[in-house]
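Atoms within each ligand, like the ligands themselves, are counted from 1 in listed order. It should be emphasised that the depicted structure is a prediction, and the values quoted were computed from it without experimental measurement. All heavy atoms count here, side chains included; hydrogens, waters and symmetry mates do not.
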Amino acid sequence: MVLPDWNLAYDYAAAVGMIMLFVWYGNEKRIPSRAHRAFLGTCIGIFLMVVAEIIEVFFVRYREHISDGAMSIVLYAQIMTILSACLYFAYYIRLTTKVSQKNIENFTLIIKVSSITCFTLVLLNPLVKWLFYFDNHVLKPGKLFVLPYLIGVLVMLSAFGNITKLSREITLRKCVILIVNFFICIAALILQITGVATIFSFALVIGCMTVYHYLQNPHSVMDTTTGQFNRRFMNEYIKYRFDVNKSMGVFLIAMDDFKFINKSYGIDVGDQLLCQVGEYLNGLKYPGEVFRFGSDQFCAVMDKNLSQIEDVADEIHERFMHPWYTESTDGIMMSASICIVKCPQDAADLGELIEILDYSMALAKKTKKGAVCYASEMNLDKIRRDKAVEKAVRLAMDRDEIMVHYQPIYSVSKGAYNSAEALVRLKDDELGWIPPDEFIPIAEKNGFIIDMGDMILEKVCCFIRDFNLKESNIEYIEVNISTVQLMHKDFASRAKKILEEYDVTPDQINIEITETATMGDVSIVDKNIRELAEYGIKFSLDDYGSGYSNIDYINQMPFSIIKLDKSIIWESFKNVKAGITLEYTIRMLNELQLLIVAEGVETEDMKNHLADIGCHYMQGWYYSKAVCDQDFMALIEKSA
Ligand code: C2E
Ligand code: MG
Ligand code: MG
């Protein structure tokens, strides 16, 4: 209830603040989600309340010219706008935080009861005069005039009280900010009711601005280069659509060979072109949203209408048949591959959708760039198999069921086995034996390889210690180390620690790496290799001849053994030219004083020929497949 000497400055400031907020809000791009609507509802409620308050102050000042009826309408409007702002804000809190089902029911009940109570009070007030009344044209507060305010506070308290878990998007810090804001508003309300200062509306507007800044600020969801929504927000949006069971068509539009455009025309032109593609997609006449998915990729999500999806795909495809123009260039032709995933048929959740998008785009780029492809027409079995394998790896690691088998390596000069290669093995109850060539790349992709690699090294060291290999002819065990492991900065120190833990000396371990080790962060790989080499561990170059066979790499890295890949060995027995190449390669490696292991030796003839042309060690099924530790020891003893 306002007093004649009410200070309107706070109300004017509040109104201006709110108008500024509306201008920002109107200027920014956003998805009309329920949370946004609830926040906007809160702001509109508060703005109307401020307007009603200003009118009310003027009415009080010029009371003699204002009828009781007009005065009552403004007062009722003020009560209703306060309540609606509180309800909207409470609803907003409920949407942006996690609330249990039971609490949702309680919350709905509280909203219903408070709305009905306030509405009834307003309707009955002319008769019962509980809120306010006029005594001889003088406005007087009723017995329950604070009740609407109290109800508003209760609604908000119940909203905060019902938060069971903070949603991922609202961090604890943000939640604290919300709660502090809430208490500032309560304090302002108390100051206002007690007649100290008329700052309640102003405090509410400051609260709205804080929420806008921390929770509704669109800049955190925008990609600054293209002006479209960013990937983080795309995840949030798609998750929301899956949560509310809304079907959708998801388009992935990936520019083909965009790095050549950047190289030929420069990054600025590249950015301008990306901006144009984003704007073009955003301007298409269909209900949907556009996101920047990757550096040269966009994702468009549209409401699902099957016939429309195909039309839109054709329209986008057709657009890429024509040139794109920037300020500084003539028409530039760009090609884009388009993949379409219909949800929920093709993908049931965000994780699956992203995997399908990545996989189908990789496949599309491999088979036919610049074309439209539908996930439903692709063979998605590989993705499903990869997922099942990933699960099997996770399970095996949790249950410590990753096994290591050993394949003996025969020394030509000694006429006996002198070492062995440790090969990881995995058997799943459902999938059976899974080849390492299949699960190692999956473990590398999702980072399991770090723990798995440590586990394998521990098992190897345990084997060396428990079977007392020092006393046997087996001088060392070859352990395969993935490039991903070598790129881990602590790899060398962890490996040393494991060896020390099992009393294994560095000369008992030989690390096998492939040429791909040079493709990642070379400085870390280099540091790890040099640290371990200094420690006394020797290195073998695995699969030589299957990749680039970079001589420079052999010269730079401290390798003592080169393992010739089985493919070049086998080819040399089929093809005369390959035979000559192999012979000269072996001669060169011998000249470089490197030791050579021939892989994939399957027959006696192969073994004899490879020994004749200068291979020092033989590994292959002619001798033995990889076997478990006990079988390996039996094999060694038998051959001794
Ligand atoms: P790789 O290091 O080149 O291992 C040699 C592969 O050739 C092994 O396959 C071995 O079983 C197979 N092999 C050996 N002799 C013959 C033969 O005479 N004939 C035929 N047909 N095959 C032979 P596997 O065990 O399936 O391993 C495949 C690849 O998986 C390995 O190739 C290696 O790159 C990777 N891998 C295996 N174990 C590990 C491990 O513990 N850690 C890491 N990071 N990778 C591993
Ligand atoms: Mg190997
Ligand atoms: Mg190999």
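With rounding to the nearest 0.5 angstrom, the CG atom of L610 is 4.0 Å from the CZ atom of F573. Distance CD1/I580 to OG/S572: 11.0 Å, rounded to 0.5 Å.
Looking at S567 and D565, their side chains do bring a donor and an acceptor atom within 3.5 Å of each other. Between the side chains of D543 and S546, no donor N or O sits under 3.5 Å from an acceptor N or O. Looking at Q345 and S376, their side chains never bring a donor and an acceptor atom within 3.5 Å of each other.
The shortest contact between atom 36 (N) of ligand 1 and any protein heavy atom is with P436 CB, 4.1 Å. The protein heavy atom nearest to atom 37 (C) of ligand 1 is L423 CD2, 3.6 Å. When hydrogens are left out, the protein atom nearest atom 28 (C) of ligand 1 is D437 OD1, 3.2 Å; that is the closest non-hydrogen contact.
Within 6.0 Å of NZ on K538 lie no more than 12 heavy atoms contributed by other residues, nucleotides or ligands.
Counting heavy atoms from C-beta outward, M334 and V277 have side chains that approach closer than 4.5 Å. Contact check for Y359 versus D386: no side-chain heavy atoms found under the 4.5 Å cut-off. Within the 4.5 Å cutoff, no side-chain heavy atoms of S560 are placed close to those of L595. Between L532 and F539 there is a side-chain heavy-atom pair separated by less than 4.5 Å.
Shortest non-hydrogen contact noted between F298 and L274 is CZ-O, 3.2 Å. Here the closest heavy-atom approach between residue Y406 and residue A422 is recorded as CE2-CB, 3.8 Å.
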Worked verdict on N590 versus H616 for side-chain hydrogen bond (donor to acceptor under 3.5 Å, both in side chains): CA-CA 10 Å; N590 267 295; H616 310 97; 3.0 Å; yes
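Atoms of ligand 1 lying under 4.0 Å from at least one heavy atom of Q407, given by number and element, are 10 (C), 14 (C), 15 (N). Close approach to G600 involves these atoms of ligand 1, each under 4.0 Å from a residue heavy atom: 16 (C), 17 (C), 18 (O). Close approach of ligand 1 to S482 (heavy-atom distance below 4.0 Å) involves ligand atoms 44 (N). Remark: ligand 1 atoms within the under-4.0 Å shell around heavy atoms of E512 are 2 (O). Within ligand 1, the atoms closer than 4.0 Å to a non-hydrogen atom of V601 are 18 (O), numbered from 1 in the order shown. Distances below 4.0 Å separate heavy atoms of D543 from the following atoms of ligand 1: 3 (O). Of all atoms in ligand 1, numbered sequentially from 1 with element shown, those under 4.0 Å from a heavy atom of G620 are 15 (N), 18 (O). Close approach of ligand 1 to I456 is summarised as follows: ligand atoms under 4.0 Å from at least one heavy atom of the residue are 41 (O).
Contacts between E599 and ligand 1, counted as non-hydrogen atom pairs separated by less than 4.0 Å, involve the side chain only. With a heavy-atom cut-off of 4.0 Å, K625 does not touch ligand 1 at all. Under 4.0 angstrom from ligand 1, the non-hydrogen atoms of D542 all belong to its side chain. The backbone and the side chain of N480 each have at least one atom closer than 4.0 Å to an atom of ligand 1 (non-hydrogen atoms only).
Residue contact check for ligand 1: E421 places a non-hydrogen atom closer than 4.0 Å to it.
Considering backbone and side-chain N/O atoms, V424 comes within less than 3.5 Å of an N/O atom of ligand 1. Looking at ligand 1, you won't find any N or O of W570 less than 3.5 Å from one of its N or O atoms.
Checked against the 6.0 Å centroid threshold, F291 and Y237 count as a close aromatic pair. Separation of the Y553 and F559 ring centroids falls under the 6.0 Å cut-off. For Y410 and Y622, the gap between ring centers reaches or exceeds 6.0 Å.
Within a 4.0 Å radius of atom 1 (P) of ligand 1, the protein has at least one heavy atom. Within a 4.0 Å radius of atom 22 (N) of ligand 1, the protein contributes at least one heavy atom.
One option in E478, K566, R425 has a heavy atom closer to atom 6 (C) of ligand 1 than any other, and that option is K566. When W621, F439, W433, Y622 are checked for heavy-atom proximity to atom 18 (O) of ligand 1, W621 turns out nearest.
Within the protein, the N, O or S atoms sitting under 2.8 Å from the Mg ion (ligand 2) are E421 OE2, N480 OD1, E512 OE1, D542 OD2.
Checked against E421 for a side chain to side chain donor-acceptor pair (under 3.5 Å), the options Q407, H405, Q619 give a single hit: Q619.
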